[in-house]
Protein chains: 2
Amino acid sequence: MNEKLNEINRLLVEVYDDVNRIEEFSIKQGAFSDISITEIHTIEAVGLYGSKTMSEIASQLEITMGTLTIAIDKLIKKGYVERRRSDTDRRIVNVCLTKRGKLAYRIHEKFHMDMVKAIMSDFSHEEEEVLLVALKKLNQHLKEIYMNGPKK
Amino acid sequence: MNEKLNEINRLLVEVYDDVNRIEEFSIKQGAFSDISITEIHTIEAVGLYGSKTMSEIASQLEITMGTLTIAIDKLIKKGYVERRRSDTDRRIVNVCLTKRGKLAYRIHEKFHMDMVKAIMSDFSHEEEEVLLVALKKLNQHLKEIYMNGPKK
DNA sequence: AATATATATTTTGATTATCAAAATATTTGG
DNA sequence: CCAAATATTTTGATAATCAAAATATATATT
């Protein structure tokens with residue numbers, strides 16, 4: 001019994017590490033080698049459509065606004081995002097993607113889709129369904145653990 | 001079709017982020033709040049039994065030896081590992097866990113097991129089997145992507 | 001309206017994790 | 001014995017992060 005848990009744990013850890021490495025690798029190789037994974041995630045959080053405030057982005061990424069300010073400064077320098085003060089409330093800063101930022105977003109999105117496609121191509125339709133259900137449960141459970149603390 | 005891929009992708013990303021947060025949280029709350037996730041992973045790489053050389057640990061963690069030197073310095077200060085020069089080849093440094101290091105290792109291992117147990121408790125025996133197979137395939141696939149580059 | 005309080009963001013000062021390249025110490029092959 | 005190889009550490013740099021202080025603006029209260 002414990003043996004199976006052990007194997008699942010090992011597989012999860014390996015999958016986790018691999019995803020990390022592959023994502024890192026795909027960025028370093030691609031057309032946008034001047035940005036890091038962290039920066040791609042910031043670009044993702046800004047989103048394709050319209051603009052978001054600093055607080056919105058920071059809370060979505062679960063980082064402080066201080067950290068975000070620096071991240072956005074750098075992304076502006078590199079030409080991926082724009083910063084604009086709101087006209088209606090001049091405390092608020094609106095951030096949106098530039099053309100280049102949107103392109104980076106789309107390419108990263110495609111990378112993710114290709115990865116998932118590659119993974120799924122091995123599965124039968126039935127297995128696919130089970131995996132979907134399993135992932136939902138897994139996700140649900142992790143959220144619960146996160147809410148209530150990991151104590152057993 | 002694309003819709004399902006999208007959902008699987010979203011679930012995978014969420015699971016990934018949750019695991020990260022939960023692991024972080026579990027360390028910060030527990031008996032070893034003076035070490036980070038990175039440090040726990042270094043402790044894991046040193047391993048419970050015997051000792052490992054700096055090169056072995058660095059290559060396992062895929063970090064440079066310079067980075068590892070600093071990490072080990074800090075873990076020694078905090079009392080989790082010991083450094084000893086080999087008697088047979090005085091260039092080589094052997095690192096092993098202290099009592100405290102071993103305890104941290106075991107507690108982190110238990111955390112992982114508890115998490116997997118919590119996840120699996122929701123699954124029927126059949127689902128469990130499918131998940132195991134799915135994880136194996138997923139893992140296999142990721143390794144292939146990693147080897148051949150993520151280009152489709 | 002004037003002032004106090006609240007809100008949104010940036011700045012400051014610090015820490016951790018990381019790398020590449022240079023330096024050091026030791027071993028091994030000729 | 002010396003040159004080359006090997007194992008590690010040191011150095012100098014950068015990225016990502018936080019908490020707390022500072023700044024700017026809006027809102028509420030008297």
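Atom set for the values below is all heavy atoms of this structure, side chains included, hydrogens, waters and symmetry mates excluded.
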Practice problem: Step through the shown structure and confirm whether more than 12 heavy atoms of other residues, nucleotides or ligands are within 6.0 Å of NZ on A:K102. | Solution: no
Self-check item: Whole-Å gap separating P (C:dT7) and CG (A:N94)
Solution: 19 Å
Quiz item: Ignoring hydrogens and angles, are the base of C:dT26 and the side chain of B:R90 linked by a donor-acceptor pair under 3.5 Å?
Solution: no
Quiz item: Are there more than 12 heavy atoms of other residues, nucleotides or ligands under 6.0 Å from atom CZ of B:R10?
Solution: yes
Practice problem: May I ask you to decide whether B:K110 forms a salt bridge with B:D114, counting only side-chain N to carboxylate O separations under 4.0 Å? | Solution: yes
Quiz prompt | Straight-line distance of A:M113 CE to B:L5 CG, nearest 0.5 Å | solution = 6.5 Å
Quiz item: Is any side-chain N or O of A:T38 closer than 4.0 Å to OP1 or OP2 of D:dA15?
Solution: no
Quiz item: CG of B:D89 versus C1' of C:dG29: gap in Å, rounded?
Solution: 15 Å
Quiz item: When the distance from CG of A:N20 to P of C:dA17 is rounded to whole Å, what number comes out?
Solution: 16 Å
Exercise. Under the side chain to side chain donor-acceptor pair (under 3.5 Å) rule, collect the residues that match up with B:S59, sequence neighbours excluded.
Key: none
Exercise. Send over the distance from A:I37 CD1 to C:dT18 P, rounded to a whole Å.
Key: 13 Å
Quiz item: How would you list all residue pairs meeting salt bridge (charged side-chain N to carboxylate O under 4.0 Å, His left out) that involve residues 26-36 of chain A, not counting sequence neighbours?
Solution: A:D34-A:R100
Practice problem: Would you mind reading off the distance between A:I27 atom CD1 and D:dA15 atom P, rounded to a whole angstrom? | Solution: 15 Å
Quiz item: If every non-hydrogen atom of A:A104 is compared with every non-hydrogen atom of A:Y80, which pair is closest and at what distance?
Solution: CB-CE2, 3.9 Å
Quiz item: Which sits closer to the 5' end of DNA chain D, A:D87 or A:E39, going by the nucleotide each is nearest to?
Solution: A:E39
Practice problem: In whole angstrom, give the distance that lies between atom CZ of B:R91 and atom P of D:dA7. | Solution: 6 Å
Quiz item: Where along residues 63-84 of chain B does a heavy atom fall under 4.0 Å from DNA chain D?
Solution: B:M65, B:G66, B:T69, B:R83
Exercise. Whole angstrom is fine here: how far is it from CZ in B:R85 over to P in C:dA25?
Key: 10 Å
Practice problem: Provide, to the nearest angstrom, the distance between the CD1 atom belonging to B:I40 and the C1' atom belonging to C:dT16. | Solution: 16 Å
